[in-house]
> 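To start, I am sharing the structure in question, which I have written as structure tokens.
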Amino acid sequence: MLDLKRIRFETEAVRDQLAKRGDPEIGAAIDALLQLDKDRRELLGNTEQLKALRNEASRQIADLKTQGKDASAVIDRMRDVADQISRGDERLGTIESEMEELLLVVPNTPLPEVPAGDQSANEIIKTWGEPLETAEWRKPHWELASNLGLIDLERGAKLSGSGFPVYLGAGARLARGLISLMLDLHVEEHGYTEVAPPFLVTRGTMTGTAQLPKLAADAYRVESDDLWLIPTAEVPVTNLHAGEVLAPGEMPRHYVACTPCFRREAGAAGRETRGINRVHQFDKVELVRLERPEDSAEALEDLTRQAEAVLQRLGLAYRVTLLAAGDVAQQSAKTYDLEVWAPGAGRWLEVSSCSNCTDYQARRANIRFRQERGAKPEFVHTLNGSALALPRTMIALLEAYQSEDGAVDVPEALLPFVNFSRLEPV
RNA sequence: GGAGAGGUGGCCGAGCGGCUUAAGGCGGCACCCUGCUAAGGUGUUGGGGGUUUACGCCCCUCGUGGGUUCGAAUCCCACCCUCUCCGCCA
């Protein structure tokens, strides 16, 4: 959430920044917040005065009773005050929960360099590698996966419905190999700490990273326990330090986790769902960082490079896009997408989204740190990025490394992690 | 899932309706004393919010949320977590 004081004191700047997202409802929410904030402070002043009076009277009553004197006159007077206090507290509670509701849906302010507008204003800022030309003989991944016996969509659908692929034999090994390659790279070369977090989390955890309340319809929920299946490792890993104040020596934190990601993808059926491009459960290696505010801008560049390193290792052509404000997730202030070239289907696939969430999630999840011992706690900046999403990486790999005879070669970087160097049609 | 015990300030730990605006200890910080070190003395020391040009003042915070009361760390209710035992189980 945004800092209420920032909304109060830098109102116009906040409005201008949010306007870049192009959502007219945000301005109305800011108006409502400002009014509620004003009401709240007025009411709070009165109620706190009454509480000060009550505290004073309590001391008097205690003194009188200790001296064995009669305190009933004071007690009678305080009955009315107590009544006023509870009415004031009740109204404050109402106002505060309305404010909370608004603050939970007002998105993060985009950074200055983020272009205004919707998806069409996204800027491609870099392309790496030579995108292979499409050709008649190049097959899309769903044909390759089927021909090579790597994935069984029908049996997955039998078990769980469409969008739950089963990886078999070499397909499962390929997935596991890719995961190992990525985790090892980030742990051993990029210095991240590996985390194996829970896949079910509480409502509070989902709220901390801003998947709730807005995106509730996209998440799976276990109703009996009000636990939610994580849509990304960003959720449990960013919340690892929720409610904590990190000591100077504990910053920054760099975590990597591979988890399944569960997404209902409501309304996404049909387009681009063929094969494993858009599924309800997939594995993803995620990088999460907690940084000092002054370091977060450079940290996003660094994190994005680390995600790119995976694609470079695999020799897959990709491009980097700076997302326009209207295309950036609620919690993010700036996002780069990595899109890998899939020459079989002839399209760019989003395999990574790298975001600087500045202090937006840290405020929600209350993640703070001290610059030095004894200093006031400040909110950390949180960052996250996929490195990478498994299915689409596999799609690009299969489509890029196929040859005319229908076989697929294993990229050299992956050889140490699998027990085959070439996949042949079965 | 059942039974029991417990969750207090950075840590340990007392408190079990108003002399607690949380004792005492440890740790941290500042100063004093001691020719170094150790020991000792005095003071200070959490977080959030409101208000103020400022100094400051005020409110909230004893797992969380409700309730009783003029007044709750203390009493009542619900929930969460930790520990012990039992049951079940990879």
Side-chain angles (χ1 to χ4, degrees), chain A residues 1-9 33-104 196-208 212 221-228 236 239-251 260 359-380:
Chain A
M1 59 182 72
L2 297 183
D3 180 7
L4 190 59
K5 284 184 183 164
R6 196 174 141 221
I7 296 176
R8 191 190 303 157
F9 294 117
L33 270 169
L34 285 166
Q35 185 58 51
L36 286 165
D37 178 48
K38 206 173 153 235
D39 294 347
R40 171 179 173 271
R41 282 182 293 135
E42 202 178 300
L43 186 55
L44 190 65
N46 295 335
T47 309
E48 287 190 350
Q49 260 186 326
L50 291 172
K51 285 183 179 175
L53 182 67
R54 178 180 70 185
N55 290 343
E56 179 55 39
S58 281
R59 274 167 235 140
Q60 281 181 29
I61 293 168
D63 285 345
L64 289 171
K65 292 221 170 186
T66 324
Q67 294 165 27
K69 294 181 185 164
D70 175 44
S72 56
V74 188
I75 290 174
D76 283 343
R77 248 184 295 131
M78 293 319 290
R79 265 187 246 280
D80 183 50
V81 172
D83 209 48
Q84 290 181 54
I85 289 173
S86 72
R87 276 200 306 267
D89 275 344
E90 201 173 322
R91 278 177 61 202
L92 275 172
T94 307
I95 290 174
E96 280 167 6
S97 57
E98 281 173 38
M99 293 175 78
E100 177 83 0
E101 221 168 282
L102 287 166
L103 280 170
L104 286 179
F199 306 153
L200 280 87
V201 297
T202 62
R203 177 182 292 270
T205 301
M206 285 286 277
T207 306
L212 290 180
R221 176 185 171 210
V222 180
E223 199 173 346
S224 55
D225 300 284
D226 197 23
L227 286 173
W228 300 69
N239 278 291
L240 266 183
H241 297 290
E244 296 181 20
V245 180
L246 296 164
E250 296 177 300
M251 286 289 286
D359 61 353
Y360 188 87
Q361 294 179 321
R363 284 180 189 281
R364 288 176 163 244
N366 194 21
I367 310 167
R368 295 177 294 169
F369 79 107
R370 292 181 208 275
Q371 290 278 11
E372 45 196 280
R373 210 163 52 145
K376 277 277 170 199
E378 297 175 44
F379 289 106
V380 305

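Every chain is numbered from 1, with letters handed out A, B, ... down the list of sequences.
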> Distance between the P atoms of B:C86 and B:U68, in whole angstroms?
43 Å
> Heavy-atom count around A:Glu372 CD within 6.0 Å, excluding the residue itself: above 12?
no
> Could you tell me whether A:Arg87 and A:Asp83 make a salt bridge, using a distance below 4.0 angstrom between a side-chain N and a carboxylate O?
yes
> Heavy-atom contacts under 4.0 Å between residues 73-98 of chain A and RNA chain B, which residues?
A:Ile75, A:Met78, A:Arg79, A:Ala82
> Looking just at side-chain N and O atoms, do A:Asn46 and A:Glu42 make a donor-acceptor pair shorter than 3.5 Å?
no
> Just jot down the side-chain hydrogen bond (donor to acceptor under 3.5 Å, both in side chains) partners of A:Asp225, sequence neighbours excluded, or say none.
none
> Using the C1' atom as the reference point in each nucleotide, state the distance between B:C12 and B:G17 in Å, no decimals.
27 Å
> Taking for each residue the nucleotide of RNA chain B bearing the nearest heavy atom, is the 5' side occupied by A:Ala57 or by A:Gln49?
A:Ala57
> Sort out for me which residue in A:Glu244, A:Met251, A:His241 forms a side-chain contact (heavy atoms from CB on, under 4.5 Å) with A:Val380.
A:Met251
> What's A:Arg54 touching, base or sugar-phosphate or nothing? Going by heavy atoms closer than 4.0 Å.
sugar-phosphate
> Just to be sure I understand the rule, does A:Arg203 reach a base, reach only the sugar-phosphate, or reach nothing, if contact means heavy atoms closer than 4.0 Å?
nothing
> Cut-off 3.5 Å, side chains only: do A:Gln84 and A:Asp80 have a donor facing an acceptor?
yes
> If the P atom of B:U21 is compared with that of B:U74, how far apart are they to the nearest Å?
14 Å
> I'd like to know whether A:Leu212 forms a side-chain contact (heavy atoms from CB on, under 4.5 Å) with A:Arg203, so could you lay out the CA-CA distance, the side-chain angles of the two residues, the decisive distance to 0.1 Å, and finally the verdict.
CA-CA 7 Å; A:Leu212 290 180; A:Arg203 177 182 292 270; 4.0 Å; yes
> Closer to the 5' end of RNA chain B via nearest nucleotide, is it A:Asp37 or A:Ala62?
A:Ala62
> Starting from Watson-Crick (N1-N3 plus N6-O4 or O6-N4) and G-U wobble pairs under 3.5 Å, report the runs of at least three that RNA chain B belongs to.
B:1-7 with B:80-86, B:10-12 with B:24-26, B:27-32 with B:40-45, B:46-51 with B:56-61, B:63-67 with B:75-79
> Within the structure provided, determine whether A:Leu103 and A:Ile7 are in side-chain contact (heavy-atom separation under 4.5 Å).
yes
> May I ask you to decide if A:Phe379's main-chain N or O and A:Asp359's side chain share a donor-acceptor pair within less than 3.5 Å?
no
> Considering only heavy atoms from C-beta outward, does the side chain of A:Tyr360 approach that of A:Leu2 to under 4.5 Å?
yes
> For A:Asp63, answer base if it contacts any base atom (sugar-phosphate contacts may also be present), sugar-phosphate if it contacts only those atoms, and nothing otherwise; contact means non-hydrogen atoms under 4.0 Å.
nothing
> Take a 6.0 Å sphere around CD of A:Glu56 and say whether it holds more than 12 heavy atoms from other residues, nucleotides or ligands.
yes
> Tell me, with the steps shown, if A:Gln35 and A:Asp39 meet side chain to side chain donor-acceptor pair (under 3.5 Å).
CA-CA 6 Å; A:Gln35 185 58 51; A:Asp39 294 347; 3.1 Å; yes
> Which heavy atom of A:Arg364 sits nearest a heavy atom of A:Met1, and at what distance?
CG-N, 3.2 Å
> Take atom P in B:G67 and the same atom in B:G56, then report the distance between them in whole Å.
36 Å
> Might you confirm whether atom CZ of A:Arg6 has over 12 heavy atoms from other residues, nucleotides or ligands at distances under 6.0 Å?
yes
> Taking only residues two or more places apart in sequence or in another chain, which ones pass side-chain hydrogen bond (donor to acceptor under 3.5 Å, both in side chains) with A:Arg370?
none
> Sticking with atom P, work out how far B:C75 lies from B:G6, rounded to a whole angstrom.
12 Å
> Would you classify A:Lys65 as touching base, sugar-phosphate or nothing, given that sugar-phosphate means primed atoms plus P, OP1 and OP2, and contacts are heavy atoms under 4.0 Å?
base
> For B:U45 versus B:G10, give the span between their P atoms, rounded off to a whole number of Å.
14 Å
> For atom P, what is the distance between B:A5 and B:G71, given to the nearest Å?
31 Å
> Check every strand shown and say whether A:Ala52 touches a base, only sugar-phosphate, or nothing at a heavy-atom separation below 4.0 Å.
sugar-phosphate
> Can you pull out the residues from residues 368-375 of chain A that lie within a 4.0 Å heavy-atom distance of RNA chain B?
A:Arg368, A:Arg370, A:Arg373
> What interatomic distance, in whole Å, is found between P of B:C31 and the corresponding atom of B:G48?
26 Å
> Could you give the start and end, 5' to 3', of the contact zone on RNA chain B for chain A, using atoms under 4.0 Å from its heavy atoms?
B:G18 to B:G71
> Base, sugar-phosphate alone, or nothing: which one does A:Leu44 contact when heavy atoms must sit under 4.0 Å apart?
sugar-phosphate
